[in-house]
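So you know, we letter chains A, B, ... as the sequences are listed, proteins then strands, and number each from 1. For the numbers below, each heavy atom of this structure counts, side chains included, while hydrogens, waters and symmetry mates do not.
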Number of protein chains: 2
Amino acid sequence: MAQAIKIRQASSPLKASCHQCSLSNLCLPLAIEDNDLDRLEDIVQQGRIYSRGEHIFDQSTPFRSCFAVKSGSVKTSIITEGGEEQVTGFFMPGELIGLDSMSSDSYACTARALERTSVCEFPVGKLEELTGKLPELQHHMYHLMSQEIQNSHQLALLLSKNTAEERIASLLLSLSSRFQRRRMSPTNFSLPMARNDIANFLGLAVETVSRVFTRFQNQGIIRARGREVELLDIEALQLVTREFARQGCQS
Amino acid sequence: MAQAIKIRQASSPLKASCHQCSLSNLCLPLAIEDNDLDRLEDIVQQGRIYSRGEHIFDQSTPFRSCFAVKSGSVKTSIITEGGEEQVTGFFMPGELIGLDSMSSDSYACTARALERTSVCEFPVGKLEELTGKLPELQHHMYHLMSQEIQNSHQLALLLSKNTAEERIASLLLSLSSRFQRRRMSPTNFSLPMARNDIANFLGLAVETVSRVFTRFQNQGIIRARGREVELLDIEALQLVTREFARQGCQS
DNA sequence: CGTCCAATTTGATGCAAGTCAACTTGTTAC
DNA sequence: GTAACAAGTTGACTTGCATCAAATTGGACG
C-alpha cells in the first residue's frame, strides 16, 4: 500500500501524449480538433500501471478523476450494504471510466484491473473547466454519458427479459465488436474476465455460464478453452440473441 | 395525429416562467443563480399538455429536446426489434427526460404520459450552448446524467440479484421518497402506473406483482386498493429490501 | 345504470436456472 | 517439478417465478 502510493506520486506529473496515442480515434481526443488537443494534453495525467486485481479507485472514496483505459481492461462494480457485488461494466482500451460518479463527491463504484492495465487520468475539475471552453468536447462528454445510460438500459433489458443463452451470446458479440473497433480479430480473442465476473455481470450463476459455454461449443457456434474464445458462427450467435424476439412476433 | 401537430405548433412559442415554477428547487433551475435564470427561461418552451397514453416523443425519431416534467408523470421504455418492451424509468415532476438520447440523432426511447401531464421543453442545441456558458449548469447536467447512470445500475442490480418481493419493496420506497421530496405524503399516494408497467419495469410477470401486493397487504406492511397505496410499515419495507443482504453476511 | 373491455386477482402447473456437491483443470509459488 | 489452491466444469436436485386459465373488479361510455 505504502509502496503503491510512492509509485503513484513519482509518476503522477508525467504528461501523456494524446497526439501520439494510438487510441486517439476512440478516446476523448476523438471529439477535438488537432490544435485543441494540446489543451487536453495539459490536463491529462499519465496514470501508473496496475497489475491484475489492483484497484484503480474505490467506491465511496473521494471522486477526483475519470480514467481512460490505455491498455489492458477494467471491471467496475458496485457493492451493496450487505456486501453483494454487482459488476456494472467491462472497459477496454479507449473507453472512459468514472462517468457514473460525476454526480457525487465520491466514486459510485469500484474499478479494478482485470489484467496488467495502464490508464490516463482526467482530473474532473480541470475536465469540466475544459469542456466549458470546448463545445465539441462538452458535446462528446454528453455523448459518452448518454451512451453509458443506454448501455445500462440494454443491460437491464437483457437481465429482465432474456435467457442465459441470450445473455451470453450478447456479451460475446459485444466483446467481439469492441475488439474489432480496435482492429483486432472479432472472432478470435481472449476474454479479459473470469467466468465468475461474466456470471455476476449477467445475473447468472457461474455454473450456468459454464454450461452455456459448453452447449455453444457442442453446437459448433464457438470454440472455448479457458479464456481463449473463437467465434465460429457469428450469425448463429446473432440468431440466439434474437431468439426471444422471434418467438414474440411471428409474422 | 394531424390535430396533435396543430396544437403543438400553436402553443410552441410560449415561454415558461422558471422564476415562478414551484419545481425550481428540483429541476434545472436548481443549479443556477437567480440572475442567470433568465437565460434558461429564454431557451425553455412551455410544452403542451399530454393526456394519458399520449407519446411525448418516440424512439428513433429525430432527437430535438429534453423535457422536464411539470405535472403528471411519464414512463420511458425501449422497444427491441422483436417488439419487446422494456420500461426503463418512471419520471415525476421536476425530473428530466431524454438524457439517454444525447448520444444520438434520434431518441433512444419512447416517452409517454401515464396521466394528464405537462412538460417544459429544452431544445438540445440551445441547452448545450447555454451549459457551455454557465459552468454550474454544465455541472448540473453532468450530475443529472451520472445520476441516471447510477439509477440504471441500481436497476440492473435489482434485476439480477433480488427477489420479486425485494424489487417491489424497492420501487415502493423509491416512489415514497420521490413524493416526499415534493412535499407530498410519503406514505399515502396513488401509483401513477399500471401493474403491467411495474411488472415490466421490474422484470416480473403481472401476476407476480399482484401476488406480492396481496402478500404485503396480508402481512400488514401496506394497504393497496387498485392504484391507491398506503405504506403502513416503512421499516418493514426497508427490511425486505435488505433481506437478501442480511442472509449473505450474517455477522 | 347496465354494457363492454381492460386491468387485476387468484389458482394450478411446468420449467429455467439456482444450489449443493464432487471432480477436473489451470496457476502460482517454492 | 510438484504442492496447494483457485477457477472451471459436470451432474443431481430444488425452487421461485413464469405461464396458462379462469374469475373478479373497475372504468369508459352510450
Handout entry: N/O (side chain, B:Ser210) to phosphate O (OP1/OP2, C:dT10) under 4.0 Å
Key = no
Practice task
With heavy atoms under 4.0 Å as the rule, sort A:Arg225 into base, sugar-phosphate or nothing.
Solution key: sugar-phosphate
Handout entry: Residues which pass side chain to side chain contact (heavy atoms under 4.5 Å, CB included) with A:Leu155, listed by chain and number, not counting sequence neighbours
Key = A:Leu159, A:Phe201, B:Ala156
Exercise for the section: In plain terms, say whether A:Glu95 and A:Lys70 are close enough for a salt bridge, that is, a side-chain N and a carboxylate O under 4.0 Å apart. Expected result: no
Exercise for the section: For A:Leu202 and C:dA17, give me the distance from atom CG to atom C1', rounded to whole Å. Expected result: 14 Å
Handout entry: Nearest-nucleotide pick for B:Thr163, side chain only, options being D:dC17, C:dG18, D:dA18
Key = D:dC17
Exercise for the section: Verify ring pair (Phe, Tyr, Trp, His ring centres under 6.0 Å) between B:Phe67 and B:Phe57, making sure each step is shown before the conclusion. Expected result: CA-CA 10 Å; B:Phe67 295 83; B:Phe57 53 77; 5.7 Å; yes
Exercise for the section: Report the C-alpha distance between A:Thr76 and A:Thr88 in whole Å, list the side-chain angles of each, state the deciding distance to 0.1 Å, and finish with yes or no for side chain to side chain donor-acceptor pair (under 3.5 Å). Expected result: CA-CA 6 Å; A:Thr76 56; A:Thr88 54; 2.9 Å; yes
Problem - Nearest-Å distance for atom pair NZ/P, residues B:Lys161 and D:dG16 - result: 18 Å
Problem - Minimum-distance nucleotide to B:Arg195 side chain [options: D:dG8, D:dT10, C:dT9] - result: C:dT9
Practice task
May I have the distance from B:Asn196 (atom CG) to C:dA6 (atom P), rounded to whole angstrom?
Solution key: 13 Å
Exercise for the section: Would you mind telling me which of D:dT9, C:dG18, D:dC17 lies closest to the side-chain atoms of A:Ala205? Expected result: C:dG18
Fill in the blank from the handout: Checking D:dG8, D:dC17, C:dT28 against the side chain of A:Arg227 (C-beta onward), the nearest is D:dG8
Problem - Distance in angstrom units between B:Phe213 CZ and C:dT10 C1', rounded - result: 16 Å
Fill in the blank from the handout: The residue, A:Ala194 or B:Glu207, whose nearest nucleotide of DNA chain D is more 5′ is A:Ala194
Exercise for the section: Determine the contact category for B:Arg215: base if any of its heavy atoms lies under 4.0 Å from a base atom, sugar-phosphate if only primed atoms, P, OP1 or OP2 are that close, otherwise nothing. Expected result: nothing
Exercise for the section: Ignoring backbone atoms, establish whether A:Arg211 has a side-chain N or O less than 4.0 Å from OP1 or OP2 of D:dT9. Expected result: no
Fill in the blank from the handout: Of C:dT28, D:dC17, C:dT19, the nucleotide closest to the side chain of A:Arg52 is C:dT28
Problem - Cation-pi check, A:Arg215 onto A:Phe213 ring (under 6.0 Å, within 45° of axis) - result: no
Problem - Distance below 4.0 Å between A:Thr208 side-chain N/O and C:dA16 OP1 or OP2 - result: no
Exercise for the section: Measure from CD on B:Glu228 to C1' on D:dT25 and round the result to the nearest Å. Expected result: 16 Å
Practice task
Quickly work out the A:Glu84 CD to C:dG18 P distance and round it to whole Å.
Solution key: 13 Å
Completion exercise
note: B:Met193, atom CE; C:dA7, atom P; distance rounded to Å ~ 15 Å
Exercise for the section: Would you kindly give the CG-to-C1' distance between B:Leu204 and C:dA16, to the nearest whole Å? Expected result: 16 Å
